[in-house]
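All remarks here apply to the structure that follows.
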Amino acid sequence: MEFEGRISKVLEARSGVSQRTGNEWKAQPFVFEYFENETDRYPDSVVLETFDTNVIPHIKEGLEVRCGFSHRVREYEGRQYNELRLYKIESVKKGQQIAAADAPGTVVTQQPTPQPQATNPEDDDLPF
């Protein structure tokens with residue numbers, strides 16, 4: 001799945017050493033907000049994480065990006081967990097590429113995700 005949206009929050013970076021290979025690794029998790037449908041009123045958000053050391057320095061709050069991620073369920077000690085895997089992230093702004101794992105050198109020139117329009121407070125169906 002690929003969605004355009006923005007990085008709404010950069011979370012604390014993680015790092016460590018692989019027990020299997022002994023190699024160091026770094027991960028940068030972030031909250032990605034996007035609209036699944038143009039008619040949605042409120043954005044969906046997910047936590048995604050990149051291990052690409054070329055991308056990590058460019059992850060900034062407010063950055064408009066196009067993220068490609070997949071999902072799957074994994075089992076650990078008899079319990080099921082959802083897992084989202086980031087496979088592509090690139091800037092929506094022309095000429096400001098972050099990374100394109102599928103096609104290096106590609107620049108995305110699409111328009112940013114539409115923001116919800118202001119509505120009449122009387123149309124608000126929320127109880128608060």
Side-chain angles (χ1 to χ4, degrees):
M1 299 183 293
E2 288 190 18
F3 295 101
E4 285 185 18
R6 70 180 183 91
I7 297 173
S8 63
K9 186 171 186 176
V10 176
L11 304 174
E12 188 175 334
R14 301 182 312 125
S15 62
V17 177
S18 170
Q19 292 178 351
R20 188 172 48 112
T21 64
N23 295 334
E24 288 188 34
W25 57 269
K26 292 180 182 178
Q28 179 62 65
F30 58 92
V31 178
F32 176 63
E33 283 186 348
Y34 65 97
F35 289 90
E36 191 165 353
N37 300 306
E38 289 183 19
T39 58
D40 286 351
R41 189 170 180 181
Y42 301 103
D44 292 320
S45 58
V46 295
V47 174
L48 298 175
E49 188 170 51
T50 182
F51 289 88
D52 189 340
T53 55
N54 295 325
V55 172
I56 290 174
H58 301 286
I59 301 294
K60 306 280 188 243
E61 288 184 16
L63 185 65
E64 298 285 330
V65 293
R66 179 174 193 76
C67 287
F69 59 93
S70 60
H71 59 87
R72 68 183 185 134
V73 174
R74 61 181 178 83
E75 186 261 333
Y76 178 71
E77 294 183 357
R79 298 185 68 181
Q80 304 297 320
Y81 297 91
N82 287 316
E83 183 176 309
L84 299 174
R85 292 193 161 200
L86 181 70
Y87 62 83
K88 178 168 81 172
I89 182 171
E90 54 194 10
S91 176
V92 174
K93 306 284 187 206
K94 186 175 182 179
Q96 294 179 357
Q97 181 177 343
I98 293 177
D102 294 342
T106 305
V107 176
V108 174
T109 59
Q110 298 176 353
Q111 296 299 315
T113 303
Q115 297 298 315
Q117 297 178 2
T119 59
N120 185 349
E122 296 173 3
D123 295 337
D124 190 0
D125 59 343
L126 296 175
F128 48 88

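These values consider heavy atoms only, across backbone and side chains, with no hydrogens, waters or symmetry-generated copies.
Note on F51: it does not cluster hydrophobically with Y87, by side-chain heavy-atom contacts below 4.5 Å among ILVMFWY residues.
Here the shortest heavy-atom pairing between G22 and V17 reads O-CG1, 3.4 Å. Nearest heavy-atom pair across F3 and F32 is O-CZ, 3.4 Å. Minimum heavy-atom separation, V73 to Q80: CG1-OE1, 3.4 Å. The minimum heavy-atom distance between H71 and L84, with the atom names listed, is CB-CD2, 3.5 Å. What you find for V46 and F69 is that their closest heavy atoms are CG2-CZ, 4.3 Å. A27 and P29 get closest at one heavy-atom pair: O-CD, 3.6 Å.
Using a 4.5 Å cut-off on side-chain heavy atoms (C-beta onward), I56 and K26 make contact.
A donor-acceptor distance shorter than 3.5 angstrom exists from the side chain of D52 to the backbone of N54, with no hydrogens or angles considered. Of the possible donor and acceptor atoms, none in the side chain of E49 sits under 3.5 Å from a partner among the backbone N and O of R14.
Around the CZ atom of R79, the shell of radius 6.0 Å holds no more than 12 heavy atoms that belong to other residues, nucleotides or ligands. Counting non-hydrogen atoms of other residues, nucleotides and ligands closer than 6.0 Å to OH of Y81 gives a total above 12.
For the atom pair CD of E24 and OG of S18, the computed distance is 11.0 Å after rounding to the nearest 0.5 Å. In this structure, S91 OG and H58 NE2 are separated by 11.0 Å, a value rounded to the nearest 0.5 Å. Q28 contributes atom CD, which lies 7.0 Å from atom CD1 of I59 (distance to the nearest 0.5 angstrom).
Classification of E83 and R85 as a salt-bridged pair holds, one side-chain N sitting under 4.0 Å from a carboxylate O. A salt bridge does not link R6 with E64: every distance from a Lys NZ or Arg NE/NH1/NH2 to an Asp or Glu carboxylate oxygen is 4.0 Å or more. Between K88 and E2 there is a salt bridge, since a side-chain N of the basic residue sits under 4.0 Å from a carboxylate O of the acidic one.
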Check the pair E4 / R66 against salt bridge (Lys or Arg N to Asp or Glu O under 4.0 Å), numbers first and verdict last. CA-CA 4 Å; E4 285 185 18; R66 179 174 193 76; 3.3 Å; yes

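Looking at L86, V65, L11 one by one, the single match for side chain to side chain contact (heavy atoms under 4.5 Å, CB included) with F30 turns out to be L86.
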